[in-house]
Q: 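Before anything else, here's the structure in question.
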Amino acid sequence: MTKRALEESLLNGEASVSNNSSDSKKLGGNEILTSYLNAGFFSILTFSWMTPLITLGSKKTLNHQDLPLLSTNDTAYGSFSTFRKNLELECGNVISTVTTIKLAKVLFLSTWEGILISGIFAFLYVCASYVGPYLIDNLVQYLNDENKVKNEGYVLATAFVVAKLVECLSQRHSMFKYQQVGVRMQSMLVSMIYAKGLTISCQSKEGHSSGEIINLMTVDAQRISEFCLSMHDPWMAVLQISLALFILHRSVGVASVAAFAATIIVMLLNLPMTSLQERLQAKLMEFKDKRMKATSEVLMNMRILKLQAWEMKFLSKIIQLRKLEEMWLKKFLVGTAIVRFLFFSAPTFVAVVTFGACVLLGIPLETGKILSALATFRILQMPIYNIPDTISVIAQTKVSLDRVVAFLRLDDLQTDMVENVPRGSSDIAIEIVDGNFSWDLSSVDATLKNINLRLFHNMRVAVCGTVGSGKSSLLSCLIGEIPKISGNLKVCGTKAYVAQSPWIQSGKIEDNILFGREMDREKYEKVLEACSLKKDLEVLPFGDQTIIGEKGINLSGGQKQRVQVARALYQDADIYLLDDPFSAVDAHTGSHLFKECLLGLLKTKTVIYITHQVDFLPDADLILVVKEGRITQSGKYNDILTSGTDFMELVGAHRAALSSVKSLERGPTLKSSSITGEDTSSLSDFELEQEVENINDRNSKLDETIVPKGQLVQDEEREKGSVGFKVFWKYLTIAYGGALVPFLFLSHIFTVVLQIASNYWMALATPVSATAEPGIGSFALMVVYVSLAIGISFSTLVRAFLAAIVGYKTATMLFNQMHLSFIRAPMSFFDSTPSGRILNRASADQSTVDMNISNLVWGFTYNMVQLMGNIAVMSQAAWQVFIILVPVVAACIWYQLQKTLALLMPSNRMLYMQRYYSASARELARLTGICQAPVIQHFSETISGSTTIRSFDQESRFSEMNMQLIDKYSQPKLYSASAMEWLSFRLDLLCSTMFAFCLVFLVSFPSSIADPSIAGLAVTYGINLNAVQFKLIWSLCNLENKIISVERILQYTSIPSEAPLVIKDNQPDHSWPSFGEVHIQDLQVQYAPHLPLVLRGLTCTFTAGAKTGIVGRTGSGKTTLVQALFRLVEPVAGQILIDNINISLIGVHDLRSRLSIIPQDPTMFEGTVRTNLDPLEEYTDEQIWEALDMCQLGDEMRKKEGKLDSTVTENGENWSMGQRQLVCLGRVLLKKSKILVLDEATASVDMAMDNIIQQTVKQHFSDCTVITIAHRITSILDSDMVLFLTKGLIEEYDSPKKLLKDKSSSLAQLVAEYTRRSNTGFGS
């Protein structure tokens, strides 16, 4: 659709238009068409510019592409550029000097126009709302006057109605402006927090987990934006109180001083409440941060937690943190309940004091003056009633601002660490002179010491050394990640970096490789070929368009590493920094990568690569040997062999491994295998598998049509249609089975009935005019009134506390149910669900349930009862009001509830309006919830990949992506608020019509009025009708929007669970498995029903006590086999027997706790060394030290000050990759299981350390079944049996001796490649 057609359709109100392309609405630069920007005066005045969208929503389920784009000022880009400019003016270029006051000032300066306009509307609203109370005495006197002039009555009625219309219009537009300013503020803050996250130093990041920073984006930024709804409340309260006192002085004279004193007392109570709420809020957020930090860590490492059977322990840790949070939540809610009680009682207290003063001072009380005072008190109730909310919001906003400021003040990376020399201006690519660098500037011992290095362009430089020697730190200093203590560092040219732990973005493989660059098909194909990715892409269901799950979940370790390398190659940089890129790939792929990438595409580039594999060293122009943070040796391979011992240790270990391979190839020295007569049958199994594979190849085309294929990560589930009644019912009944709900309803009814009774009493018991005699004495008048006031206060107290109790209990139960549900979810749920979706529910949605929904639910019911009370009072004066009252009130309710009240409605227009609003508002609220998760997800990924992003100089592109996601979230949020104002304006018009009808009836037919007092009371309640109706609809709209948080949490309380933890009727013996034989029969595995099979019918036996090596090309199904063994993925067909027990028939904890694994990605958790080795607290310190000594970490730990209590930061960032792998070895040494799985356990360590690990396993697991997946040939040739997998099928399964005899076997070819490479290198 063309821009012009879209513009015309929106202006003409054609609701069937769908904005299918955001690009089609852009007009050069940043000018974007929206229906709001192009609306005329009348359209803006009446919110008619929203009608096309609401009409469209009534005809179909709204999707994001149906929403008009934001105006430039409302976009993240437009608002953030203004905010950034103002912040720099306020703080200079040093943003770390920002304070809470400065940040608040900058937010104000960046949105001052919206704030000013909303302030003008707020002023008009306050002034117009007091016209009614001012005129009510005149109306009562007019109705009581026997010689009344009709025209005077009509003038009075007109004044009432005009004031009411001005009040409605100004309130609606002030509310809309509040929301608009709030959206802009949230965009600014989220953009700022994101930008800061990209520049924060590694040391600062250690103290702030991604979970904490996510809380800043989801909870704190939202809270500051919501402050906009209350930003004018303080001065509005002063103005409202001043106008109220003016009217009271006119009505009750000197007694207004008593009213003023009572109001001041109420105001003074604010001060202690403000500080109390602020302190409670700060504590609440502190513990919420800790909980979110723990939740984020659990979600990031769910795979390892399930493999180790630790997930319930970590759930208990989250629950424990939640209990601490709940302690402060309970105090906060009790504080809120006390505040609500005090301030709900305040208007009654002020009225008692005022009327009491009149009685004491002898001021005559007349009906007109009392009604004027009562109407004033009812309006005065709003500022006084809003004061607790305002106090709470101010306290929460202050806490949130403080937290954001604390984050913005954190140290950034040093910008002057690396001197970037222009490309081509120097022959030297990298030069370091006397460089000293340290991750921890407070530490005496530097990480890298006395580094002197000069590298010329086109050099190939290898870096080697033992685990923890500082190799990765050397690369990190070249990209400016480690703080520099002293020295000079110059880099000439652009850089590309490949991290040791692969960082893959969620999204298409193609996008991961292009990484922001334009597609050059020829270059792209060359890169895919060089990185050996073409075969992998053929296997994947959508090729390079396959969407990768979070952290590359649906790629193997080797595939992730090669995608990383491809990303770097495609950038065509001058300098390449590769941190051990060959560790995660098999020998053949490693050879291909080295030959095609380093010796091929990168032959004209400067390349620095870390490797633990000695066979990649001879082709380097320069080798750097790093030890204890120093470069101890440097030179060509042959030169440094004889010049020191450090390099000789590494090469010696490699030569020992190579000699064992050669001796194995020769055959005679091979130790006797522990396998039985199954040797011969294994060959026939292999031949059978070959036949099966041939059949599969012939039928491959047929397979593709039969096997349903689909993307792993699907769009977030979203309910459609109205929020189900079961959601509301579940919320109401989850706490105590709903037992307290009837008492809450009763307390609402008692409160309203007593309020009406007290007003009736004052109206009927006082004379209509000064000449009439009072029927009841002043003392009796006040005794009854005070008694009723005490009753009102008591019922208010009861409902405040009941609401707090029910809200707290419900929030707690929903939290526990959701967390238990997703922790017990199968691994496939986490593979296909980005953590942002779960974190959004645990953070923003849970916060809404904790703090808001209870108030909205019970606020709605109270307003409903109040509205019924108003109707009852008005009908006393003029029952004819029902002629218009019933359909109007029914319309108000039916808009939202869509009940059978439609039958009572004569107005087709109202039916039409209902169909407009409800569907659109719901879907907009749902879209708002769904669109927040991608913002969190993107930020979470950015934080974990910030080093890669910075090294590629991609900060600006990622910030732009963040802003696009923010805008995608802001759109439904702003239009949701606009839709509510659209509805409220129309309902206000209906109520104003009813009020006008009532007034005209009273003026036109005065003779039908039984008592002017009752008529005056009816008008008093009529004046308040709009406010009550608005509160009712506002709380209902807000409730329906916010209840979606409950709906979203409930979605995650019913996730299909994985198999039971323990099956009591089928528990294995404590000694199981006593032998460790694993028998696999026709095993077929797929990750999801819509994805292809990964294992396609495996049958083999791992003999008890035997060492089995599993090899195969990357993506052949090795890791999937391990996951099937641990039941992380359940087989589609076939079975696995361990010691003749079918593992599918026992509990998953019984299974996983009896097996041990050293996983592919070495994982450590935040805490201490002790909690990382023994999170279940099952072992003594002596046993832990023994395990540390066995895994070669004992001496290292004894040097540390904290010993076993030494700190481990988030993800174990303060430990090297190799050290993390050794900790994983320590875990299995403690566990001492009969079956041990090594999944690439030595990928991240040097050859010497590899030998140590292999010897440790051989020594301590000599009688265990050991299953080893390894890319290093030396790690598996020592096995009793080797299983060679290809595309999910067994290609070979026999002893290494037999397989090596057959020179055509895949294993023999792999060994030959390794031996050739080790002997000759890759150079020509």
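Since the model is a prediction, treat every value here as computed from it, not as a measurement.
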Q: Is there a side chain to side chain contact (heavy atoms under 4.5 Å, CB included) between Leu578 and Val607 once you walk through the steps?
A: CA-CA 8 Å; Leu578 313 177; Val607 182; 3.9 Å; yes
Q: Taking distance alone, no hydrogens or angles, what donor-acceptor pairs closer than 3.5 Å link side-chain atoms of residues 424-438 to residues at least two apart or in another chain?
A:
{"from": "Ser425", "atom 1": "OG", "to": "Pro422", "atom 2": "O", "distance (Å)": "2.5"}
{"from": "Ser426", "atom 1": "OG", "to": "Ile428", "atom 2": "N", "distance (Å)": "3.0"}
{"from": "Ser426", "atom 1": "OG", "to": "Ile428", "atom 2": "O", "distance (Å)": "3.4"}
{"from": "Glu431", "atom 1": "OE2", "to": "Arg454", "atom 2": "NE", "distance (Å)": "3.3"}
{"from": "Glu431", "atom 1": "OE2", "to": "Arg454", "atom 2": "NH2", "distance (Å)": "2.9"}
{"from": "Asp434", "atom 1": "OD1", "to": "Asn452", "atom 2": "ND2", "distance (Å)": "3.4"}
{"from": "Asn436", "atom 1": "OD1", "to": "Asn450", "atom 2": "N", "distance (Å)": "3.0"}
{"from": "Asn436", "atom 1": "ND2", "to": "Ser486", "atom 2": "OG", "distance (Å)": "3.1"}
{"from": "Ser438", "atom 1": "OG", "to": "Asp440", "atom 2": "N", "distance (Å)": "3.2"}
{"from": "Ser438", "atom 1": "OG", "to": "Asp440", "atom 2": "O", "distance (Å)": "2.8"}

Q: Tell me, do Glu596 and Leu601 make a side-chain contact under 4.5 Å, heavy atoms counted?
A: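 No, side chains not in contact.
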Q: Determine whether Leu474 and Ile451 make a side-chain contact, defined as any pair of heavy atoms from C-beta on separated by less than 4.5 Å.
A: yes
Q: Would you confirm whether Ser201, through its side chain, and Asp411, through its main-chain N or O, come within 3.5 Å as a donor-acceptor pair?
A: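 Yes, the answer is positive, given that a donor and an acceptor are paired below the 3.5 Å cut-off.
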Q: Would you indicate whether the side-chain heavy atoms of Phe1165 and Thr1163 approach each other to under 4.5 Å?
A: yes
Q: Any side-chain donor paired with an acceptor under 3.5 Å for Thr494 and Asp574?
A: yes
Q: So which heavy atom on Ser634 is nearest to which on Leu624, and how close?
A: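 Scanning both residues completely, I find the closest heavy atoms to be CB-CD2, 3.6 Å.
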Q: If we ignore hydrogens and angles and just use 3.5 Å, is the side chain of Lys627 paired with the main-chain N or O of Gly465 as donor and acceptor?
A: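 Looks like no, no N/O pair under 3.5 Å.
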Q: Main chain of Gly493, side chain of His457: is a donor-acceptor contact present, judged purely on distance under 3.5 Å?
A: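 Side chain of His457 to backbone of Gly493: no pair is present.
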Q: Can you tell me how far CD of Gln500 sits from CD1 of Ile610, rounded to the nearest 0.5 angstrom?
A: 7.0 Å
Q: Okay, side chain of Tyr194, backbone of His938: is any donor-acceptor separation there less than 3.5 Å?
A: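 No, Tyr194 side chain to His938 backbone: no donor-acceptor pair under 3.5 Å.
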Q: Check the side chains of Arg957 and Gln954 for a donor-acceptor pair under 3.5 angstrom, ignoring hydrogens and angles.
A: yes
Q: Quick one: pull up CE in Met1197 and CD in Gln1219 and give me the separation to the nearest 0.5 Å.
A: 9.5 Å
Q: Sub-3.5 Å donor-acceptor pair from the side chain of Glu90 to the main-chain atoms of Lys102, do we have one?
A: no
Q: Do you know which two heavy atoms are closest between Asp445 and Lys449, and how far apart they sit?
A: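 So the minimum-distance heavy-atom pair works out to OD1-CE, 3.0 Å.
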Q: Shortest non-hydrogen contact from Val498 to Ala568?
A: CG2-CB, 3.6 Å
Q: Got Ile623 and Cys464 here, is their nearest side-chain heavy-atom distance under 4.5 Å?
A: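 Touching, per the 4.5 Å side-chain cut-off.
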Q: Is there a donor-acceptor pair under 3.5 Å between the side chain of Asn1172 and the backbone N or O of Thr1168?
A: yes
Q: Taking the side chain as C-beta and beyond, is there a heavy-atom pair between Cys1191 and Thr1256 under 4.5 Å?
A: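 No; the side chains remain at least 4.5 Å from each other.
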Q: Quick one: do Arg84 and Glu88 make a salt bridge, cutoff under 4.0 Å?
A: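 The answer is yes: the pair qualifies as a salt bridge.
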Q: Is the closest basic N to carboxylate O distance between Lys471 and Asp580 below 4.0 Å?
A: no
Q: May I ask you to check whether over 12 heavy atoms, not counting those of Lys490, lie within 6.0 Å of atom NZ?
A: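 Check fails, neighbour count at 12 or below.
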Q: With a 4.5 Å limit on heavy-atom distance, are the side chains of Leu1193 and Leu1225 in contact?
A: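 With C-beta onward as the side chain, the pair stays apart.
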Q: So that I know where these two stand, are Tyr497 and Phe952 an aromatic pair - ring centroids less than 6.0 Å apart?
A: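 Judged by ring-centre distance (under 6.0 Å), Tyr497 and Phe952 do not meet the cut-off.
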Q: For Tyr609 and Tyr576, I'd like to know if the aromatic rings sit close, meaning centre-to-centre distance below 6.0 Å.
A: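 Not under 6.0 Å, so no.
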Q: Which value, rounded to the nearest 0.5 Å, describes the distance between Thr606 atom OG1 and Ile575 atom CD1?
A: 5.5 Å
Q: Counting only heavy atoms not in Lys85, do more than 12 sit closer than 6.0 Å to its NZ atom?
A: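 Not more than 12 within 6.0 Å, no.
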Q: Does Ile213 form a side chain to side chain contact (heavy atoms under 4.5 Å, CB included) with Ile193? I'd like the steps, not just the answer.
A: CA-CA 8 Å; Ile213 307 170; Ile193 291 163; 3.9 Å; yes
Q: Any side-chain heavy-atom pair from Thr611 and Leu617 closer than 4.5 angstrom?
A: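 In short, these two side chains touch, coming nearer than 4.5 Å.
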Q: From Leu448 CG over to Ile631 CD1, what is the distance, rounded to the nearest 0.5 angstrom?
A: 8.0 Å
Q: Can you name the nearest heavy-atom pair linking Ile943 to Gly197, along with the distance?
A: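 Taking every non-hydrogen atom into account, CD1-O, 3.8 Å.
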Q: So, for Leu489 and Cys477, which heavy atoms are closest and what is the spacing to 0.1 Å?
A: CD2-O, 3.1 Å
Q: Judged by atom type as modelled, is there a donor-acceptor pair below 3.5 Å linking the side chain of Asp579 to the main-chain atoms of Ser472?
A: no
Q: Between Asp953 and Lys495, is a salt bridge (charged side-chain N to carboxylate O under 4.0 Å, His left out) present by the stated rule, with each step listed?
A: CA-CA 9 Å; Asp953 295 324; Lys495 303 179 293 290; 5.2 Å; no
Q: For Leu455 and Ile608, what are the C-alpha separation, side-chain angles and deciding distance, and is it a side chain to side chain contact (heavy atoms under 4.5 Å, CB included)?
A: CA-CA 10 Å; Leu455 305 178; Ile608 303 175; 3.4 Å; yes
Q: Indicate whether any N or O donor in one side chain lies under 3.5 Å from an N or O acceptor in the other, for Ser469 and Glu628.
A: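 No - no donor-acceptor pair under 3.5 Å links their side chains.
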Q: Between Lys196 (side chain only) and Leu410 (backbone N and O only), is there a donor and an acceptor less than 3.5 Å apart?
A: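 Checking the backbone N and O of Leu410 against the side chain of Lys196, a donor-acceptor pair under 3.5 Å is found.
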Q: Could you tell me which non-hydrogen atom of Gly480 sits nearest to which non-hydrogen atom of Leu413, and how far apart they are?
A: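 Nearest heavy atoms, Gly480 then Leu413: O-CD2, 3.8 Å.
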Q: Counting C-beta onward and ignoring hydrogens, is there a side-chain heavy-atom pair between Val565 and Cys597 closer than 4.5 Å?
A: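 Yes. Closest side-chain heavy atoms under 4.5 Å.
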Q: Can you confirm whether Lys526 is buried at NZ, in the sense that more than 12 heavy atoms of other residues, nucleotides or ligands lie under 6.0 Å from that atom?
A: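 At most 12 heavy atoms, drawn from other residues, nucleotides or ligands, come within 6.0 Å of this atom.
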Q: Report the distance from atom SG of Cys531 to atom NE2 of His592, rounding to the nearest 0.5 Å.
A: 7.5 Å
Q: Do Glu955 and Arg950 meet the salt-bridge criterion of a basic N to acidic O distance under 4.0 Å?
A: no
Q: Apply side chain to side chain contact (heavy atoms under 4.5 Å, CB included) to residues Ile548 and Ile509 and explain how you reach the verdict.
A: CA-CA 7 Å; Ile548 300 308; Ile509 292 177; 3.4 Å; yes
Q: State yes or no: are the ring centers of Phe958 and Phe515 separated by less than 6.0 Å?
A: yes
Q: Does Glu941 reach the main-chain N or O of Ser506 with its side chain, forming a donor-acceptor pair under 3.5 Å?
A: yes
Q: Lys484: what forms a salt bridge (charged side-chain N to carboxylate O under 4.0 Å, His left out) with it, not counting sequence neighbours?
A: none
Q: Between Lys636 and Leu622 (side chain of the first, backbone of the second, donor and acceptor by atom type, cut-off under 3.5 Å), is there such a pair?
A: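 Checking the backbone N and O of Leu622 against the side chain of Lys636, no donor-acceptor pair under 3.5 Å is found.
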Q: Rounded to the nearest 0.5 Å, how far apart are CG of Leu198 and CZ of Phe939?
A: 8.0 Å
